[in-house]
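All values derive from a computational prediction rather than experimental measurement.
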Amino acid sequence: MKLYKAFVYLVLGLLAVLILVPVLWVVMASVKESSEHYGSPWALPTHIHWQNFVSAWTKANMGGYMLHSVTVTGLALAILLVVALPASYCLARFHFVGRRFLNTCFMAGLFVNVNYIVVPIYLMLSDGDKWLKTMLGSTFLLNNHIVVAVVYAATALPFTIYLLSSYFSTLPHDFEEAAYIDGAGYGRTMVQIMLPMAKPSIVTVILFNFLSFWNEYIIIKTLVTDRDEWTLPAGLLNLMQAQQSAAEYGSMYAGLVLVMVPVLVLYICVQKNLTKGMTVGGLKG
């Protein structure tokens, strides 16, 4: 048993090293001067060159890209929660005609990779823009952060509803019955009683989807053709192409750090909640 535990710890340690070393190397490279990148890649920087971050933030418009990422991610999460929370609650707690069919549809959505349907989504929105151009003289569906946020939320609905409805189904009915006796309606019961009880699962959903939306690349590149309106992952490609041609590798690595830092900080702060919402059951009594 001790030998098995030692083996497990050894494997986990090696995996941790494989993950941490590239991250630390990028952070180290982000504070080097351009001339230092032509020497040994593992050499420590002679001094911390913060100008790389200034250049990436201003000259490469990483500040604008970060603002777009915050806007799109926040809006997508808001739309997702407004739709998924009532839908999950109803599917888990009420029996009505078509409930099984809806559950089947959402479960089927878990097996659809969004990357496979990006082109049909683009063609549908492009045709919609052509119709709007003819009828109203302007377009709306492409190069629009609101539409991108709606697409993000729609593609995340199957997993989110699956996770939330599974959690809602484990909660006891006693609290709802007590609320109904006290005169609370279905909406008030959901908002004031059930959602606070489902907080661990809601936090887990927010975290998982934040990571997914923040790092998303293909949809934003497809639906937004204006480079000035890209988010951080797409804007990072623009930065890499520009800095490689200018041989300014420090700014390029600084851009990588700017993309990674929010995700790493968020994960470090709330890592315990990532699995708590998926494993914690309802109250017993």
Side-chain angles (χ1 to χ4, degrees), residues 12 15-16 18-20 22-24 26-27 62 65-92 106-107 109-115 145-146 148-171 190-220 231-236 256-283:
L12 292 176
L15 290 175
L18 289 175
I19 294 172
L20 289 174
V23 173
L24 295 176
V26 170
V27 173
M62 294 301 286
Y65 294 146
M66 180 170 284
L67 178 61
H68 297 158
S69 284
V70 172
T71 302
V72 173
T73 301
L75 186 58
L77 285 174
I79 296 172
L80 178 64
L81 292 177
V82 167
V83 175
L85 286 173
S88 303
Y89 178 69
C90 291
L91 289 173
F106 284 120
M107 294 306 101
L110 292 172
F111 299 95
V112 178
N113 191 321
V114 65
N115 297 329
H145 290 159
I146 298 177
V148 173
V150 171
V151 173
Y152 281 178
T155 56
L157 271 177
F159 168 76
T160 303
I161 289 179
Y162 168 75
L163 187 61
L164 289 176
S165 61
S166 298
Y167 191 91
F168 276 126
S169 63
T170 66
L171 299 178
M190 182 189 72
V191 173
Q192 296 186 358
I193 306 298
M194 304 307 293
L195 292 189
M197 294 176 62
K199 183 180 177 181
S201 184
I202 295 173
V203 171
T204 302
V205 163
I206 292 174
L207 294 175
F208 272 115
N209 285 300
F210 172 85
L211 296 175
S212 176
F213 298 159
W214 185 268
N215 294 319
E216 201 286 319
Y217 172 80
I218 294 178
I219 294 177
I220 191 69
T231 54
L232 271 176
L236 185 60
L256 287 170
V257 172
L258 289 175
V259 175
M260 291 191 302
V261 163
V263 177
L264 291 175
V265 171
L266 179 65
Y267 178 76
I268 291 172
C269 293
V270 294
Q271 57 178 321
K272 293 182 180 179
N273 290 320
L274 282 174
T275 55
K276 182 179 178 181
M278 301 180 69
T279 57
V280 124
L283 297 175

Discussion item. Test your reading of the model: is there a side-chain donor-acceptor pair from S165 to the backbone of Y162, 3.5 Å cut-off?
Written reply: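 Answer holds: yes.
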
Fill in: Those residues that, when tested against F106, pass ring pair (Phe, Tyr, Trp, His ring centres under 6.0 Å) (two or more places apart)
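None.
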
Grab the two heavy atoms, one from [X] and one from [Y], that are nearest each other, plus how far apart they are.
X    : Y    : result
L195 : V191 : CB-O, 3.8 Å
A198 : Y167 : CA-CE2, 3.5 Å
I19  : V23  : O-CG2, 3.4 Å
F168 : A92  : CB-CB, 3.6 Å
T170 : S166 : CG2-O, 3.3 Å
P86  : M190 : CA-SD, 3.8 Å

[atom1]-[atom2] distance between [X] and [Y], expressed to the nearest 0.5 angstrom:
X    : Y    : atom1 : atom2 : result
S212 : L77  : OG    : CG    : 9.5 Å
L232 : L258 : CG    : CG    : 7.5 Å
L75  : H145 : CG    : NE2   : 10.5 Å
I206 : L81  : CD1   : CG    : 5.0 Å
T231 : L67  : OG1   : CG    : 11.5 Å

Which atom pairs, donor and acceptor, lie under 3.5 Å between side-chain atoms of residues 148-161 and protein residues at least two apart or in another chain?
residue, atom, partner, partner atom, Å
Y152, OH, E216, OE1, 2.5
T155, OG1, V151, O, 3.1
T155, OG1, Y152, O, 2.8
T160, OG1, A156, O, 2.8
T160, OG1, N209, ND2, 3.2

Discussion item. Going by the rule side chain to side chain contact (heavy atoms under 4.5 Å, CB included), which residues pair with V263 if we only count those two or more places apart in sequence or in a different chain?
Written reply: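 Only L211, W214, N215 meet the side chain to side chain contact (heavy atoms under 4.5 Å, CB included) criterion with V263.
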
Practice prompt. Taking side chain to side chain contact (heavy atoms under 4.5 Å, CB included) as the test, write out the residues that go with V112, two or more places apart.
Written response: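 Partners of V112 under the side chain to side chain contact (heavy atoms under 4.5 Å, CB included) test: I117.
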
Worksheet entry | Of all pairs that satisfy side-chain hydrogen bond (donor to acceptor under 3.5 Å, both in side chains), the ones with a partner from residues 68-90, not counting sequence neighbours |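 Every side-chain hydrogen bond (donor to acceptor under 3.5 Å, both in side chains) pair that includes a residue of residues 68-90, provided the two are not neighbours, is Y89-E176.
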
